[in-house]
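What follows is a short report on a single structure.
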Amino acid sequence: MSVRVRYAPSPTGMQHIGGIRTALFNYFFARSQKGSFILRVEDTDQERSSNEALQDLYETLDWLGIDCDEGPLVGGAYGPYTQSERIELYKEYAQKLIEDNKAYRCYCTPERLDELRAKQVAEKSKQHGYDRHCRHLTDEERQKLEAQGLTSVIRLKVPLEGKTTFHDLLMGDITRRNSDVNPDPVLLKSDGFPTYHLANVIDDHLMNISHIMRAQEWIPSGPLHILLYEAFGWEPPLYCHLPMVMGKDGQKLSKRHGATAVRDFRAKGYLPEALLNYVSMVGWSYDSEREFFSKADLCELFSLEKINKAPGVFDYKKLDWYNGMYIRQKTDEELTALLLPFLVEAGFVRQPLRADDSHKIAALIPLVKERLKVLSDVVEMSRFLFTEIEAPTVESLLPKKQDAATTLAALKKALVLLSQLDSVEDAKIEEQLVAIATELDCKVNGVFMPIRVAVTGSHVSPPLFDSIRLLGLETTLTRLKRAITILEDEVA
RNA sequence: GUCUCCAUCGUCUAGUGGUUAGGACAUCGGGUUUUCAUCCCGACAACGGGGGUUCAAUUCCCCCUGGAGAUGCCA
C-alpha cells in the first residue's frame, strides 16, 4: 500500500507550534515511506477562516521547507484541495446518507440547542448534547416544517446501541459505546457547509489517504468517524494519534504560554532548521544520544514506532539552545545575510549598504556569533556601534569595590593612552591598558570595566578592544571624555 | 458530571523481567576568558501509590491517584 498522508489545517489563525508539529510528522512519515504528502485546506468555517491565515499557512510551510506533493498551490489528481471549493460534493454525500436512512434533517434552532445545553448543565443531567428531537419526526411533521421554510441541518444517526472500536497505530484499540458518542452530530450546517467530521471523512476517502496522523485531541471523535465510514460503506484509513504539545502548566499549548505562532518565532530570529529540529523532538526520538537532525535526516529516519504516547511540554529554553547551536554553525557570510534585516529594521543601517557599514558589519559578525540565542539579539548587542548611547551613571561606571577616584584615574590614563594612538589597530593597546591597572594597583577589570561601560554603555558587550576598533577612535574618545566628566562631578 | 487517553530527573527523552536506570536542556559549582557568551570539566536530579504474576519487577496485569483531551451548526 502506498502511503498518502495529509496535513489538513483550517485557516482560522496563524500556524502554531502544535499545527506544524503535526505537519512535520506527516511530512517526515510520507518522505520516509516514499509516499505522498498532501496539503488540504479545511476552510469550512465561514466566519473564522481568513485569507491572512491562509497566506500564513503557505508562508510557514515554505519557510520550514515543507513541500507538498499535492495541494491548493501545486494541484494534483485529487483536487480541488480547498474544501470550500468542494461543497457540492459534501451536499451530495450528505443527501445520500439521508436517502440511506443514515442521517436526517434537523430543524432545531440554535436558540433551542443553547437552552437545551443550559438546562442540561443546570440540572446536572446525565444526558448531554443534542436530544435527538428531530430524529423522531414523522414525515408529516417534517413536511410541515419544510413548508414553513425553516432552515435545517443534516445530522448523523448515531446507533443507539452497541460500541465502536478503531485501531490506533500507537494507542492500540480504542473503544467507545455508541451511547457515549456525540448524539447525532451535525454533518451539514445550515449555511450549506459541511462540518469538520463530514468533510474530513469524505475527503480522506476520496483523496485515498492511507494514514491519518493528527493530534490526540481528536481521539474522542475517532469512533464517530468510523461510524461515518461505515455509514458510507467505506474502509477507514489507518489512524495514528500524535501526542499533544503542552505549555509549562501542562495544558494544551496556547498564546498565554508565550509565542506559539510560527511567524512570531521567525520574527524573533529563530532559524527554521532549529525550530524544525526542536519541534520534532517533542514526541519523537531517534535514540538516546543523537539530538541534531536536519530536515533531510528526519525525512530518512522518521518512524512511527519511535513516537511517544505521552504529551510533551514545549521548552522555550531548549529551543533557544538549539537555535544558538544552529546560529554558530552558520558561516559569517550566511549569518550576515540573516542578521542584516534586523539591523535594517532597527534603523542602524540602510540598504544598499554603504561601504563603511558593510565593513563594520563584517567585523561585527564574528563578535556576536557566539553570543546570539536569537537573531534579534544582535540589535541590543550592537546598538552602541550604530547609535548614540545614553550617558552612563556613576554607579554603572564603578566596578565592585573600587572608588570613584581610582576609577577616574584609570579612565584618564586610558584617555591619554588612546589619544596618543594613530590607529585603533595598534596591538599595544591591551598591554598598555593592563599596565594602568598595575600602576594604580587595581584589578585589570577595574580599568576595563569602566572603559567598557563608557564606550558601550553596558557591563556586557563584545570584547572591549574589538568594540573600540569597530567604534573608531574618535567616538571612543568622546565617550571616554564624557564618562570622565561624569566622574569628575562625582568626585568633586 | 460523563467518556477516552496518558504516566522515567524541573523539562525533552533512552532503556530493561536481574543496569551504578543513560543522554540532552535547565539549574548549581569549577576551569578558560578584560565583561558576557562560547568551549571544557563536574554536581544535583526520576521509574506516582497499592495490590498481584514471578526466584526477581521501573519493565507484565489490575486498582487508585494524578494529568490531559473531548463533550459545538470550531476545527
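All values derive from a computational prediction rather than experimental measurement. Naming: A, B, ... by sequence-line order, numbering from 1 per chain.
If you check B:C25, B:G22, B:U38 against the side chain of A:E370, the one that comes closest is B:U38. Comparing B:C73, B:U35, B:G22 against the side chain of A:V460 picks out B:U35 as the nearest. Of the candidate nucleotides B:C12, B:U35, B:A26, B:A26 has the atom lying nearest to any side-chain atom of A:W321. Considering only the side chain of A:R371, B:U35 comes nearest among B:U35, B:G69, B:C25. Among B:A14, B:G1, B:A68, the nucleotide with an atom closest to any side-chain atom of A:S288 is B:A14. When the nucleotides B:U34, B:A75, B:C6 are ranked by their closest atom to the side chain of A:D45, B:A75 comes out on top.
Contacts of A:S458 with the nucleic acid, taken as non-hydrogen atoms under 4.0 Å apart, are absent. Among the protein residues, A:P185 comes within range of no part of the nucleic acid, since none of its heavy atoms lies under 4.0 Å from any strand. A:E47 comes within contact range of no nucleotide atom at all, as no heavy-atom separation falls under 4.0 Å. Looking at heavy-atom distances under 4.0 Å, A:G324 makes no contact with the nucleic acid at all. Among the atoms of the strands shown, none is found under 4.0 Å from any heavy atom of A:T456. Among the protein residues, A:C106 comes within range of no part of the nucleic acid, since none of its heavy atoms lies under 4.0 Å from any strand. Contact annotation for A:V153: base contact, defined as any heavy-atom pair under 4.0 Å involving a base atom. Within 4.0 Å (heavy atoms only), A:K306 reaches sugar-phosphate atoms of the nucleic acid but no base atom. Here A:P462 lies in heavy-atom contact (under 4.0 Å) with a base. Across all strands, A:N308 comes closer than 4.0 Å only to sugar-phosphate atoms, never to a base (heavy-atom distances). Among the heavy atoms of the strands lying under 4.0 Å from A:R155 are primed sugar atoms or P, OP1, OP2 only; no base atom is included.
Comparing the C1' positions of B:G10 and B:G48 gives an interatomic distance of 16 Å, to the nearest angstrom. B:G30 and B:U11 are spaced 27 Å apart, taking the P atom of each and rounding to whole Å. With P as the reference atom, B:G23 and B:C36 are 28 Å apart, rounded to whole Å. A distance of about 10 Å separates the C1' atoms of B:G15 and B:U58, rounded to the whole Å. Comparing B:C63 with B:U4, their P atoms sit 12 Å apart, to the nearest whole Å. Between B:A57 and B:G18, the two C1' atoms lie 9 Å apart (nearest whole Å).
For A:S285, a side-chain nitrogen or oxygen approaches OP1 or OP2 of B:A14 to under 4.0 Å. Put simply, A:K317 has no side-chain N or O that comes within less than 4.0 Å of OP1 or OP2 on B:C25. In this structure, A:R117 reaches the B:C73 phosphate: one of its side-chain N or O atoms is under 4.0 Å from OP1 or OP2. The side chain of A:R290 places no N or O atom within less than 4.0 Å of a non-bridging phosphate oxygen (OP1 or OP2) of B:U13. Note on A:K252: a side-chain N or O is less than 4.0 Å away from OP1 or OP2 of B:A70. Distances shown here put a side-chain N or O of A:K189 below 4.0 Å from the OP1 or OP2 atom of B:C74.
Spacing between atom CG of A:D249 and atom C1' of B:U11 amounts to 13 Å, rounded to whole angstrom units. B:U16 atom C1' lies 16 Å from atom CG of A:D287, rounded to whole Å. Taking atom CD1 on A:I212 and atom P on B:A75, their separation rounds to 16 Å, with Å as the unit. At whole-Å resolution of the value, CZ in A:F314 and C1' in B:C12 are 11 Å apart. Atom OH of A:Y326 is separated from atom P of B:U38 by 18 Å (rounded to the nearest Å). Residue A:N182 contributes atom CG, which lies 17 Å from atom P of B:G69 at whole-angstrom precision. With rounding to whole Å, A:N323 atom CG is found 20 Å from B:C12 atom P. Going from atom CG of A:D320 over to atom P of B:U38 covers 11 Å, rounded to whole Å.
Side-chain polar atoms of A:D203 and A:Q83 form a donor-acceptor pair below 3.5 angstrom. Judged purely by distance below 3.5 Å, without hydrogens or angles, the side chains of A:H241 and A:R214 pair a donor atom with an acceptor atom. Using modelled atom types and a 3.5 Å distance limit, the side chains of A:N182 and A:Y130 yield no donor-acceptor pair. Residues A:Y107 and A:E146 bring a donor and an acceptor atom of their side chains to less than 3.5 Å of each other.
Taking for each of A:Q120 and A:F448 the nucleotide of RNA chain B with the nearest heavy atom, the 5'-most of the two is the partner of A:F448. Two residues, A:I174 and A:Y196, neighbour RNA chain B, and the one matched to the more 5' nucleotide by heavy-atom proximity is A:I174.
Outside the 6.0 Å centre-distance limit, the rings of A:Y278 and A:Y326 are not counted as a close aromatic pair. Not less than 6.0 angstrom separates the ring centroid of A:F193 from the ring centroid of A:Y90.
Between A:F302 and A:W284, the two ring planes are parallel [angle under 30°; tilted spans 30° to 60°]. Aromatic ring orientation, A:W218 versus A:Y196: parallel (interplanar angle below 30°, classes split at 30° and 60°).
If you check distances only, the side chain of A:T195 never reaches the base of B:C73 with a donor-acceptor pair under 3.5 Å.
Remark: B:U32 base-pairs with no nucleotide; criterion is Watson-Crick or G-U wobble with both hydrogen-bond distances under 3.5 Å. The nucleotide B:A43 finds its pairing partner in B:U27, both defining distances of the Watson-Crick or G-U wobble pair being shorter than 3.5 Å. Within the shown strands, B:C6 is the pairing partner of B:G66 under the Watson-Crick or G-U definition, both distances less than 3.5 Å. The partner of B:A37 cannot be assigned: no Watson-Crick or G-U wobble pair with both contacts below 3.5 Å exists in any strand. Across the strands present, B:U19 finds no partner; the criterion is a Watson-Crick or G-U wobble pair with both atom distances under 3.5 angstrom.
For the pairing with A:D184, the salt bridge (charged side-chain N to carboxylate O under 4.0 Å, His left out) check across A:R132, A:R105, A:R155, A:K157 returns one residue only, A:R132.
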